**Student:** 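First, the structure itself, so that you have it in front of you.
Convention: sequence-line order gives letters A, B, ...; per-chain numbering from 1. Please read all numbers here as calculations on a predicted model, not as lab measurements.
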Protein chains: 2
Amino acid sequence: MSLPVEVAKTSAEKTFYSLRKDIVEGRIPSGAKLSEAELASRYAVSRAVIREAISRLMSCHLVERKANVGAKVVTLSSAGLIELYQVREALEGMAARLAARHMNETEVDELQQLLSQHSAQVKHGQSYYQEAGDVDFHYRIVQGSKNQHLINVLIDGMYHLVRMYRVQLGMAGPRVTTAFDEHNQIALAIANRDEELAEMLMRRHILYSRNNIKNKLLTPSHFPTN
Amino acid sequence: MSLPVEVAKTSAEKTFYSLRKDIVEGRIPSGAKLSEAELASRYAVSRAVIREAISRLMSCHLVERKANVGAKVVTLSSAGLIELYQVREALEGMAARLAARHMNETEVDELQQLLSQHSAQVKHGQSYYQEAGDVDFHYRIVQGSKNQHLINVLIDGMYHLVRMYRVQLGMAGPRVTTAFDEHNQIALAIANRDEELAEMLMRRHILYSRNNIKNKLLTPSHFPTN
DNA sequence: TAACTGTGTTATGTCGACAATGTAGGGGCT
DNA sequence: AGCCCCTACATTGTCGACATAACACAGTTA
């Protein structure tokens, strides 16, 4: 019913999750250098563990590394965020289409349960849960596509980047109310096994998000966007 | 004019390229276990280097790894290849659309030059170059999209997997003649800045490939497809 | 004064050894 | 005989130390 919790078996995995959290949530700022020695002492592990963790961060495209120079958190730009949403539009559009084809009845039911439960929460004014709820919704649809390559690219590689952009460019929790209706319509299209409509609505949903972001970027509220 | 040659600065990078080549071209078969000690002695480097190389192979989804157990080359299935082509269709379709929008005149010219030069080669019966030529064509269009996320996913993460599938499932050098015409039409659409047409033709082009592969899979020529 | 070179420092890249975990095989118990 | 547990081995995970490359700064020279 809920998102599978990633459980770390090795010390490198734990460090990776910690680092990823610190980066995505902005405690390690965009563009910052990741010194292996410093991180090793901070997390109380050896440099080998840190290097392993940094390797995995590179897989997610959260950090970049130059040989013999070091690793830095990726530099964000508003253009980069727009590009990211373009790719999301194509990929999640396909995910919605495939979800309409491949989700079983149980999964469809759970998706709709999630939405109604979510709707109740928001009516009580807990827009706090919106971020997690939004992630959960999209997550389920991607999983529902049953396409492993799609799942890999989006879940492992892209969602963390999106969250990082949103946190660091200061656009947390936008578009709560309208996004709900869009989610509901998408879920309905999937329940009706209407592949075309599901894809179209999902693409439009993400396009709206992109436009919303564009507008926010035009009126920079606190800091430059590189 | 040609593909940028990846030059290895560190020992780990060299080992990574070697390993990737061995895996993609089938010398290390699908499903094989990658023993760190064995590879370390074979490539005459330390285990740390091997671990670094394996990390990068995991980034490309060419190998999988379980904690405290080890790394194995990914297991291929015909279903997985089909899924891969579904994702390619969405991504490269978008790449073609963006290429039509963002490629400059020089890049468009070079793309068309490549095709005519390529066409001449094939008329001389050198269908040998088809594989490389095909890769080159798609590569340029992806680069022409100027979308860094798209470039990352496709170039670093997906094309090697596609090559691996094609080699190991025994479908090298297919559809030479018809693919040419399709390439030409796509290049023409891009030259005319017809985004819609470019995307449609590219999607169709990849769909044809997928169908072609499906047919080959129905008549398994030499070995089971898992 | 400006540019270049040499050196010293600091970081990353690489290595071999030790620790911890998973696995297979043999022995004992029911 | 079949199942379980325990031991021994093999493999991966982690560590600290050394090798090597990049950077900064001072000294020299035109």
**Student:** With sequence neighbours left out, what residues match B:Tyr159 under ring-ring contact (aromatic ring centres under 6.0 Å, His included)?
**Tutor:**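 None.
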
**Student:** Can a donor-acceptor pair be found between the side chains of A:His102 and A:Asn147 at a distance below 3.5 Å?
**Tutor:**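 Side-chain D/A pair, A:His102 to A:Asn147: absent.
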
**Student:** Return yes if some donor-acceptor pair links the side-chain N/O of B:His149 with the main-chain N/O of A:Glu83 below 3.5 Å, else return no.
**Tutor:**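 Answer holds: no.
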
**Student:** Using the six-membered ring of A:Tyr85, assess whether NZ or CZ of A:Arg88 lies under 6.0 Å from its centre and within 45 degrees of the ring axis.
**Tutor:**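 Yes, a cation-pi geometry holds between A:Arg88 and A:Tyr85.
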
**Student:** For nucleotides 5-20 of chain D, give me one character per nucleotide, 5' to 3': B if any protein heavy atom sits under 4.0 Å from the base, S if the only such contacts are to the sugar-phosphate, - if neither.
**Tutor:** ------SBBBB-B---

**Student:** Who passes side chain to side chain contact (heavy atoms under 4.5 Å, CB included) against B:Asn152, sequence neighbours left out?
**Tutor:**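 Once residues adjacent in sequence are excluded, the partners of B:Asn152 under the side chain to side chain contact (heavy atoms under 4.5 Å, CB included) criterion are A:His61, B:Gln148, B:Asp156.
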
